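Single-structure report; data block below.
Just so it is clear, the structure is predicted and the values come from calculations on it, not from any experiment. All values below come from the heavy atoms of this structure, side chains included, with hydrogens, waters and symmetry mates left out. To find a chain, count down the sequence lines: A is the first, B the second, and so on, and within it residues start at 1.
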Amino acid sequence: MILLENVTKSYRTRLALRGISAFIERGEFVFLTGPSGAGKSTLLRLLYRAEVPDSGRIVVSGQDLAAMRRRDVPFFRRRLGVVFQDFKLLRRRTVGENITFVLSLLNLPDKEQERRAYLALRHMGLQHRLSAYPEELSGGEQQRVATARALVQQPDLILADEPTGNLDPERSHELLELFKTINYQGTTVLVATHDRSLIEAHPARTLVLEKGQIVQDGWALGD
Amino acid sequence: MRHGAREVRRQLRESGATGLVAVLLVAVATTWGGALWLVRGWVADTLLARGRPASVVAAVRSAEAAAMVCNALTGSFPGVRCSASRPEDTKEELARWFPELSGVLLGLDAASFPSLLHAEVPVAEAARVSGWLRARGEVTLVENSRDWQGRLENALSSALLIGFTLTVALLAGCGVVVLLVVRLLVLEHSDEIAIMRLIGAREREIRLPYLACGALLGLVGGTLGVALLFAISFVLKSHGIAIRGVTPLVTVAPLLGATVGALGATLGLASLPEEP
C-alpha cells in the first residue's frame, strides 16, 4: 500500500527526512510517532503529495508520487482520507457543506451527498451541528467534523496527523476505536501522534521517527 | 450541479459593491454603445437615405435669369424637376423659417435677396447637374444636398468613432473591475483554495465558479443595458421617432458583457498560485 525507499526531504538548510525506507501493507494499522520536529507531518505531506521528496521513491496504492503528473494528483487525493492537525475545514461553509463538498467532487447526486454527510456526522455524534459553521464549534467538534470528512468517501487509506491533539482522553480513545473499526473493514490507517499513552492503549505497529530517521519499527515502544 | 450553482452564488454575493460597479459599467457601456448603433441606423435610414432624390439649390443674378436657367436645365436633363423663385419669394420664405426675425426680414429691400433655383435631381445625376449649373455665368452659388450628406456622414463617422471608443473603454474598465473582484476573492479565499486542493478538487473545479461569477456579472450588466435600450426606444417611439434594430442587441449586448466579464475573471485568476 505504501512504499518508502530512501526518501529524503529538506527545507532550505534543514534536513527534515533523511533517507527513510518503510513498507506498509494494505489493511495495516500503523502509528507514526516521535518528538515534535521529528518529521511526522513532513512524511504525511509527502504521502498525500502536498510536497515531493528531494530524492527517493514513494509509492502509494501502486502510484509513484514523484512521477505523478500534476493533473492526476486530485484523483489520487480523492482516494485518501486525510485528517489534518489543524482540521483544515472550509470556514465559509457549514459543517454539512464541508462534508458534501468532498462528495460533490465524486459527482454523487445531491440527495446521496446529503444522506452520506448526515450518516458520517451521526457517526461522530454531530448530526445536530449540520448547519453550524466551523467557528461555532469547539476544537474537539471541529476535529470530529474533519474526521467525518475524511471517512465519508470511504477511502482506501486514511492518513491522520495528530487527530487527537484537540480531543479529551475519552474522545481520543473513541476516535482511535473508530479508526480501528474502519481498519478492520480493510482500510489502511496511518496515524501520526506524539501521544505515547494512546499507542500503549491501542497497540499496533509503530514507526518511531527521530531527527528525520526511522529509529524503531515494531509493535512495542522502546524507552 | 447544485453545488456548482451554490459556489457561483457565493462568489457573486462576496463580490459585493465592486461586483455591482462592474455590472453598472457593462450596463452603461452596452446602453451607450447600443444607443450609438441605433442612432447610426436612424441617421442612415432618414437623413442619409440614399434612394431619395437629391436637391440642388442655386442663387441666380435675377428672377428672369433663374427662369431661363431652369428651362435650360430641364432641357438638358429631362429627369430633373426645376422651379425658380423671385427675390420676394426668398424673403418671404426666410421670414417663415425665422419668425422671430420676420419683422426685420420683411422690412428689407427685396433686391437684398437672391433669386433661387430649386431642382430635384436623381441621385446619380446630382454631381453632373451641380457642375452644369456652376459653369453658367448667371449662377453665383450652387449647393447640393449630396455634398451636405457627405459632410454629415463624415461628421457622424467621427462622432461614432469617438462614441464607440468610449464604449470599448467602458467595457475594458468593466473587465478591469471584474479582474480586481476575482483577484480579491482569490486572495481572500487562498486558504480555502489550498484546502480544496488537498481534499481532491481539480483546478477546473476551483476556477470555474470564479470564471462563472465574472461572466455572470457581465451578463447581468449587458441584460440591464438592453432593458435600458428598450426603454429609450419606447420613449422615442412615443415622441414619433421610430428606432429600428433594438432586437439584435438583445443577444449581442449580454454576450458581449459575459465575454468581457469572463475575460476579466480569467486574467484575475492568473494570480492563483499553482500547486508544487
> Which pairs with one or both residues in residues 210-220 of chain B pass side-chain hydrogen bond (donor to acceptor under 3.5 Å, both in side chains), sequence neighbours excluded?
Replying inline: H189(B)-Y210(B)
> Is there any side-chain hydrogen bond (donor to acceptor under 3.5 Å, both in side chains) pair reaching into residues 229-241 of chain B, and which pairs are they, with sequence neighbours excluded?
Replying inline: none
>> Using only non-hydrogen atoms and a strict under-4.5 angstrom cutoff, which residues of residues 154-185 of chain B touch chain A?
In response: none
Portion of [X] that has a non-hydrogen atom of chain B nearer than 4.5 angstrom:
| X | result |
| --- | --- |
| Q153(A) | neither |
| L89(A) | backbone |
| V82(A) | neither |
| F84(A) | side chain |

Would you say [X] has more than 12 foreign heavy atoms packed within less than 6.0 Å of its [atom1]?
| X | atom1 | value |
| --- | --- | --- |
| Y11(A) | OH | yes |
| F234(B) | CZ | no |
| R204(B) | CZ | no |

>> Between R77(A) and I199(B) (side chain of the first, backbone of the second, donor and acceptor by atom type, cut-off under 3.5 Å), is there such a pair?
In response: no
> Which region of E205(B), side chain (C-beta onward) or backbone (N, CA, C, O), has a non-hydrogen atom less than 4.5 Å from a non-hydrogen atom of chain A, or is it both or neither?
Replying inline: side chain
> When rounded to the nearest 0.5 angstrom, what is the spacing between CD in E7(B) and CZ in F101(A)?
Replying inline: 6.0 Å
>> Could you measure the distance from the CZ atom of R149(A) to the CD1 atom of I195(B)? Nearest 0.5 Å is fine.
In response: 6.5 Å
> Does E188(B) pair with R92(A) as a salt bridge, N-O distance under 4.0 Å?
Replying inline: no
>> R10(B): which residues meet the side chain to side chain donor-acceptor pair (under 3.5 Å) condition with it, sequence neighbours left out?
In response: none
> Do R78(A) and R202(B) have side-chain heavy atoms sitting under 4.5 Å apart?
Replying inline: yes
>> Can you give me the closest heavy-atom contact between L105(A) and G200(B), atom names plus distance?
In response: CD1-C, 3.6 Å
